[in-house]
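Each chain gets a letter, A, B and so on, in the order its sequence line appears, and its residues count up from 1. Fair warning: this is a prediction, and the values are worked out from it, not measured in the lab.
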Amino acid sequence: MRRDKLEALKRRGVSAFGGKFEISHDPGALKAAFEEGLAVRVAGRIFSRREMGKAAFFDIGDISGRIQVYINKKEVGDEVWEMFIKEVDIGDFVGVIGKTFVTKTGENSIHAEQLVFLGKTLRPLPDKWHGVADREIKYRQRYLDLLSNERSREVFVTRSRMVAEIRSYLSQRDFLEVETPMMQDVAGGAAATPFETFHNALGMPLYLRIAPELFLKRLLVGGFTRIFELNRNFRNEGLSRRHNPEFTMLEAYWAFADFEQMADLVEGMICHLAEKFCGGLKLEHKDEEGNVTKTIDLTRPWKRTSYRDLLRGVDEKWFDYTPEERLKRAGELGVEIGPNFEDYEVTQHVFEKLVEEKQFNPLFVTRCPKELVPLAKQNPDDDSVVDVYELVINGQEISPGYSELNDPQVQRARLMEQAGEEIQKIDEEFILALEHGMPPAGGIGIGIDRLIMMLTGAESIRDVVLFPQLKKKAGS
RNA sequence: GCGCGGGUAGCUCAGUGGUAGAGCAGUUGGCUUUUAACCAAUUGGUCGAGGGUUCGACCCCCUCCCCGCGUACCA
């Protein structure tokens, strides 16, 4: 049907897929800063049309927004009018040359003097009122979601602006953005299963990075003092509402700082984003009907509490129990424990289920057990804990921050302890770098996707990642 | 991986062991200030795939595929 119109356009001497068209305004920008009587040239896709015999209204737009156009037969001429009626469909691209005006009903619009055809759409757009509701279509064909759901457009435009703002926030504080390898010989810096690939010319396996940490620290050794990297990490693990196999991570390192300065930096940055993009520090998450389901209060200063105190809040005698008693108590508290859990892992699971997942307002968890964080410095007064924070907001870990471990001998020992059961191999090149001297430093990581979820009120990571990973459909 | 829910027209959704439905989109006609335009008519289906039960299956049973939620894995 629409293909027939391609032929009709050709007969009319009109290029079905258009070309250059100079514009004076983006549709949304024109609508936002409307001024009457302006000569304008606007291009966009037609999203709806209302015909009335010899005149019509239609809406054109793009990611910037939409604006209404008025067109009538007498002014554009019979030829263009006939093309508009017979060959132009919802979804097609057109250019409009005309003047801005306000309709009887008060709608800021463009009065078309000329209409230029700029591109044919061979398939119909989704329902104009409901948009795309099918999750699978939203994720597999994100373009249809963006075209038909205002909310999705908002989230992704906001994400883009927030990421740009993070970069500018850090560069204003003299942090330099750097790029380190995504393909690594040893996938270090975290404990996660990596994706494996193979380099033919070098004849060696390579791993997609699970974290940039060990390379960023090499740069501290090399004399950089304030650096960050904001890019993708890859982890070959399960998918969930909070996990996508590739996700965006910010890591920043600051020489001669410690984890508390890093906490201040992160607190300041997240509050800045909330004030700039979310209208303040009280965030409301809403369901599809617009009812408030959750409120997150980012008012400063954010609480800083030790890991052990938080667990004592669950059970004040938690650390007085024997490991066997803790295992039993975890069961009583309804926390499922795997078969070969170490004692600290039992405690960590109780922490995750009964503290982390219930914590919506920001909380810096400090003095975490050293087993959990082998790349951080031990506390000088109690070497069973490390000088770190784990920032929890919205029931999720949003950001860890460390006083970075820079003693190569201790670092090797700590990684060896860890490597026992984990697959992690020691990155000898990293240890070698540390032996050349890494300055004391603070470091942070921020899971950007989860941060965006928290700030935009998205329930699933798939709603803040443009193309989330899905299973390949049979036959496609 | 396991458990629960889902897959019906391009989109949003109803539906029943006995001829497959609505709204929007599309098509045709009418209408020169509409905005979920309106009025009239009309086209459109592998009911996720395959097998089974039945006189008859979109519906019941089995297997598989995909999506969602939960769970497991996850510094």
Side-chain angles (χ1 to χ4, degrees), chain A residues 1-2 4-5 47-59 66-76 81 85-86 89-91 101-109 111 121-141 144-145 147-149 188-194 210-211 213 233 235-245 247 336-339 344-345 348-349 352-353 368-376 386 388 390 397 400 402 414-415 417-419 421-424 445 459-460 462-463 468 470-476:
Chain A
M1 193 79 69
R2 290 190 173 216
D4 297 340
K5 293 180 182 178
F47 285 99
S48 61
R49 50 192 285 163
R50 296 169 288 284
E51 287 172 34
M52 290 158 300
K54 296 189 179 59
F57 288 92
F58 61 92
D59 298 318
R66 292 173 188 184
I67 191 161
Q68 177 173 266
V69 178
Y70 172 75
I71 182 170
N72 75 52
K73 187 178 179 181
K74 207 168 147 190
E75 287 164 349
V76 297
W81 180 257
I85 293 299
K86 293 199 170 152
D89 287 309
I90 287 176
F101 80 116
V102 181
T103 65
K104 269 189 197 168
T105 53
E107 176 87 7
N108 294 340
S109 311
H111 193 127
T121 298
L122 294 179
R123 292 177 190 264
L125 259 36
D127 189 288
K128 66 179 173 189
W129 188 239
H130 301 96
V132 176
D134 186 312
R135 304 286 234 171
E136 195 171 349
I137 298 177
K138 278 172 78 85
Y139 302 148
R140 284 190 201 278
Q141 294 176 277
L144 294 179
D145 177 44
L147 287 172
S148 64
N149 296 100
T193 311
I210 55 178
E213 177 154 357
N233 286 349
R235 296 187 183 177
N236 201 345
E237 278 155 9
L239 287 74
S240 82
R241 225 155 36 122
R242 296 175 207 82
H243 300 262
N244 195 56
F247 61 100
E336 275 185 57
I337 299 299
Y344 76 87
E345 291 176 302
Q348 174 64 4
H349 262 247
E352 283 173 9
K353 297 291 169 196
C368 296
K370 74 173 195 310
E371 293 84 356
L372 296 173
V373 202
L375 297 166
V386 280
V388 301
E390 292 284 346
E397 184 193 325
Y402 309 164
R414 297 271 301 281
L415 286 174
E417 280 169 33
Q418 178 87 14
E421 286 188 29
E422 308 290 341
I423 313 160
Q424 168 140 354
E459 288 299 313
S460 169
R462 296 182 190 101
D463 294 324
L470 297 180
K471 209 159 176 174
K472 186 187 167 91
K473 276 200 117 160
S476 65

On a whole-Å scale, what distance lies between the P atoms belonging to B/A75 and B/G15?
45 Å
Is any N or O donor-acceptor pair between the side chain of A/Tyr70 and the base of B/U32 shorter than 3.5 Å?
yes
B/A57 to B/G17 separation - C1' atoms, rounded to the nearest Å
7 Å
B/C38 and B/G5: how far apart are their P atoms, nearest whole angstrom?
40 Å
Between CG of A/Asn149 and P of B/C24 the distance, given in whole Å, is 20 Å
Is A/Arg462 close enough to B/G68 that one of its side-chain N or O atoms is under 4.0 Å from OP1 or OP2 there?
yes
With sequence neighbours left out, the residues meeting salt bridge (charged side-chain N to carboxylate O under 4.0 Å, His left out) with A/Asp463 are A/Arg135
Grab the NE2-P distance between A/His243 and B/U71 for me, whole Å please.
10 Å
Opposite nucleotide pairing with B/G70, Watson-Crick or G-U, both atom distances under 3.5 Å
B/C2
Please identify each residue that fulfils salt bridge (charged side-chain N to carboxylate O under 4.0 Å, His left out) with A/Glu390, with sequence neighbours left out.
none
Which letters describe nucleotides 35-40 of chain B, given B = protein heavy atom under 4.0 Å from base, S = only from sugar-phosphate, - = neither?
BBB---
Taking the P atom in each of B/C69 and B/C64, what is the distance between them to the nearest angstrom?
23 Å
Let me spell it out: for each of A/Gly238 and A/Asp134, pick the nucleotide of RNA chain B with the closest heavy atom. Which residue's pick is nearer the 5' end?
A/Asp134
Using the salt bridge (charged side-chain N to carboxylate O under 4.0 Å, His left out) criterion, which residues pair with A/Arg235? Sequence neighbours excluded.
none
Base-pairing mate for B/C58 - Watson-Crick or G-U, with both contacts under 3.5 Å:
none
NA contact type, A/Lys86, heavy-atom cut-off 4.0 Å: base, sugar-phosphate, or nothing?
nothing
Return the pairing partner of B/U16 with a 3.5 Å limit on both distances, Watson-Crick or G-U wobble; otherwise return none.
none
Would you indicate, yes or no, if B/G68 has its OP1 or OP2 atom less than 4.0 angstrom from a side-chain nitrogen or oxygen of A/Arg241?
no
ring-ring contact (aromatic ring centres under 6.0 Å, His included) partners of A/His111, counting only residues at least two apart:
A/Tyr70, A/Phe101
Would you tell me if any nitrogen or oxygen in the side chain of A/Lys138 comes within less than 4.0 Å of OP1 or OP2 on B/U12?
no
Counterpart residues, salt bridge (charged side-chain N to carboxylate O under 4.0 Å, His left out), relative to A/Glu459 (two or more places apart):
A/Arg241
Using modelled atom types and a 3.5 Å cut-off, is there a donor and acceptor pairing between side-chain atoms of A/Glu237 and backbone atoms of A/Thr193?
yes
If you apply the rule salt bridge (Lys or Arg N to Asp or Glu O under 4.0 Å), what do you find for A/Asp4 with A/Lys86, and how did you get there?
CA-CA 11 Å; A/Asp4 297 340; A/Lys86 293 199 170 152; over 6 Å; no
What distance, rounded to whole Å, do you find between the two C1' atoms, one in B/U53 and one in B/C62?
11 Å
When rounded to whole Å, the CG to C1' distance for the pair A/Asn108 and B/U33 reads 14 Å
Could you tell me how far apart A/Asp145 (CG) and B/U12 (P) are, to the nearest whole angstrom?
11 Å
Can you tell me how far P in B/A9 sits from the matching atom in B/G45, rounded to whole Å?
11 Å
Across all strands shown, which nucleotide pairs with B/A40 by Watson-Crick or G-U wobble geometry, both distances under 3.5 Å?
B/U28
